[in-house]
Q: 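Let me give you the structure first, and then I'll get to my questions.
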Amino acid sequence: MSVIINLIRNLLGGIIAFFDVITRGSKLKRTKENQQQLEKELQEFTLYQFFACPFCIKTRRAMYKMNLPIVKRNVSKGSPYRDELLQGGGKVQTPCLRIESATGTTWLYESSEIIDYLRQRFA
Ligand SMILES: N[C@@H](CCC(=O)N[C@@H](CS)C(=O)NCC(=O)O)C(=O)O
């Protein structure tokens with residue numbers, strides 16, 4: 001039964017992801033220098049996610065719009081990143097943004113909070 005539920009969930013997620021790609025439009029443009037500088041800063045971020053998770057699609061869409069090419073790690077069952085997320089963040093819930101800074105590592109859960117954080121910093 002759970003196999004069928006997972007199949008339906010992935011199918012619906014795939015459809016949402018497809019419509020996201022064809023409707024997301026253009027991304028924010030920066031000068032080459034500004035984009036390069038920004039991409040250096042982005043090395044401190046990692047997004048833990050599932051491809052077909054609607055909350056991850058919403059977060060990836062906002063990241064695309066802000067032109068933030070952040071490293072993504074898929075946490076499907078069997079992936080080593082799933083354990084990394086569980087150990088570091090405390091639970092397997094996606095999306096989760098890992099933020100590395102001089103003061104330590106923060107694991108930010110909740111799509112709305114992740115998007116707000118990125119908007120405040122980069123938009
Ligand atoms: N309110 C959360 C909801 C996140 C959520 O429910 N994510 C699901 C995937 S779509 C999840 O991680 N479920 C745990 C699991 O599948 O193990 C958000 O907006 O980020």
Side-chain angles (χ1 to χ4, degrees):
M1 189 62 182
S2 72
V3 175
I4 295 171
I5 292 171
N6 271 342
L7 201 72
I8 294 169
R9 190 193 281 174
N10 286 334
L11 190 68
L12 285 176
I15 292 169
I16 297 170
F18 172 73
F19 280 103
D20 167 48
V21 169
I22 62 170
T23 62
R24 64 188 180 181
S26 59
K27 53 182 160 186
L28 184 69
K29 288 193 173 53
R30 301 182 180 88
T31 63
K32 195 176 168 195
E33 293 72 25
N34 284 352
Q35 187 67 24
Q36 278 173 348
Q37 177 58 42
L38 175 96
E39 288 181 18
K40 269 191 208 152
E41 275 185 63
L42 294 181
Q43 287 174 4
E44 67 188 73
F45 298 111
T46 307
L47 185 77
Y48 290 77
Q49 58 134 31
F50 291 118
F51 173 74
C53 155
F55 303 99
C56 302
I57 295 170
K58 172 183 145 190
T59 308
R60 291 200 305 265
R61 187 180 178 96
M63 282 165 37
Y64 172 85
K65 288 273 188 195
M66 289 184 267
N67 199 355
L68 303 175
I70 290 172
V71 169
K72 297 174 197 77
R73 288 187 173 164
N74 206 302
V75 299
S76 308
K77 285 195 179 104
S79 158
Y81 300 127
R82 192 177 176 91
D83 211 40
E84 200 171 279
L85 174 61
L86 180 62
Q87 298 301 323
K91 57 182 172 179
V92 179
Q93 180 184 296
T94 60
C96 177
L97 185 69
R98 190 180 82 194
I99 308 163
E100 309 272 8
S101 71
T103 54
T105 305
T106 304
W107 298 79
L108 184 61
Y109 288 94
E110 293 298 324
S111 51
S112 303
E113 288 189 25
I114 295 170
I115 293 168
D116 284 351
Y117 173 86
L118 293 172
R119 281 210 179 113
Q120 278 174 24
R121 238 183 110 170
F122 299 110

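First listed ligand is number 1; within each ligand, the first listed atom is number 1. Index from 1, following the sequence.
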Q: Among protein heavy atoms, which sits nearest to atom 10 (S) of ligand 1, and what does the distance come to when rounded to 0.1 Å?
A: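 It is Cys53 SG, 2.9 Å.
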Q: Please could you name the atoms of ligand 1 that Pro95 approaches to less than 4.0 Å, counting only its heavy atoms?
A: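 This gives 20 (O) as the contact atoms.
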Q: Between Tyr81 and Gln49, is there a donor-acceptor pair closer than 3.5 Å when you use the side chain of the first and the backbone of the second?
A: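 Absent.
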Q: Linking I/L/V/M/F/W/Y whenever their side-chain heavy atoms sit closer than 4.5 Å, directly or via other members, would Tyr109 and Phe50 fall into one cluster?
A: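 Yes; tracing contacts between hydrophobic side chains, which count when under 4.5 Å, links both residues.
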Q: Considering only protein heavy atoms, which is closest to atom 12 (O) of ligand 1, and at what distance to one decimal place?
A: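 Checked against all protein heavy atoms, atom 12 (O) of ligand 1 sits closest to Thr94 N, 2.8 Å.
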Q: Near Arg121 CZ, under 6.0 Å, is it more than 12 heavy atoms from other residues, nucleotides or ligands?
A: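 Check passes, neighbour count above 12.
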Q: Who's the nearest protein heavy-atom neighbour of atom 20 (O) of ligand 1, and how far?
A: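 Nearest neighbour among protein heavy atoms for atom 20 (O) of ligand 1, to 0.1 Å: Ser111 N, 2.9 Å.
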Q: Please state which protein non-hydrogen atom is closest to atom 6 (O) of ligand 1 and give its distance, to 0.1 Å?
A: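 Looking at atom 6 (O) of ligand 1, the protein heavy atom closest to it is Phe55 CE1, 3.7 Å.
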Q: Starting from atom 15 (C) of ligand 1, locate the nearest protein heavy atom and write down its residue, its atom name and how far away it is, to 0.1 Å.
A: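 Protein heavy atom with the smallest distance to atom 15 (C) of ligand 1: Val92 O, 3.9 Å.
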Q: For atom 1 (N) of ligand 1, what is the closest protein heavy atom, and at what distance to 0.1 Å?
A: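 The protein heavy atom lying closest is Glu110 OE1, 2.7 Å.
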Q: Assign the ring pair Tyr117 / Phe45 to parallel, tilted or perpendicular, where the plane angle (0 to 90°) is split at 30° and 60°.
A: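 Answer is perpendicular, since the angle exceeds 60°.
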Q: Give a yes/no verdict on whether any heavy atom in Ser112 is under 4.0 Å from an atom of ligand 1.
A: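 Ser112: no contact with ligand 1 (<4.0 Å).
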Q: Among all protein heavy atoms in this structure, tell me which lies nearest to atom 16 (O) of ligand 1, with the distance rounded to 0.1 Å.
A: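 Answer, as residue, atom name and distance: Phe50 CE1, 3.9 Å.
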Q: Identify whether Ile99 and Leu68 are in the same connected component of the hydrophobic contact network (ILVMFWY, side-chain heavy atoms under 4.5 Å).
A: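 Yes; tracing contacts between hydrophobic side chains, which count when under 4.5 Å, links both residues.
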Q: Between the side chains of Glu39 and Gln35, does any donor sit under 3.5 Å from an acceptor?
A: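 Note: Glu39 and Gln35 side chains meet the donor-acceptor criterion.
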Q: For Asn67, does its backbone N or O pair with a side-chain atom of Arg30 as donor and acceptor, under 3.5 Å?
A: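 Judged by distance alone, yes, a pair lies under 3.5 Å.
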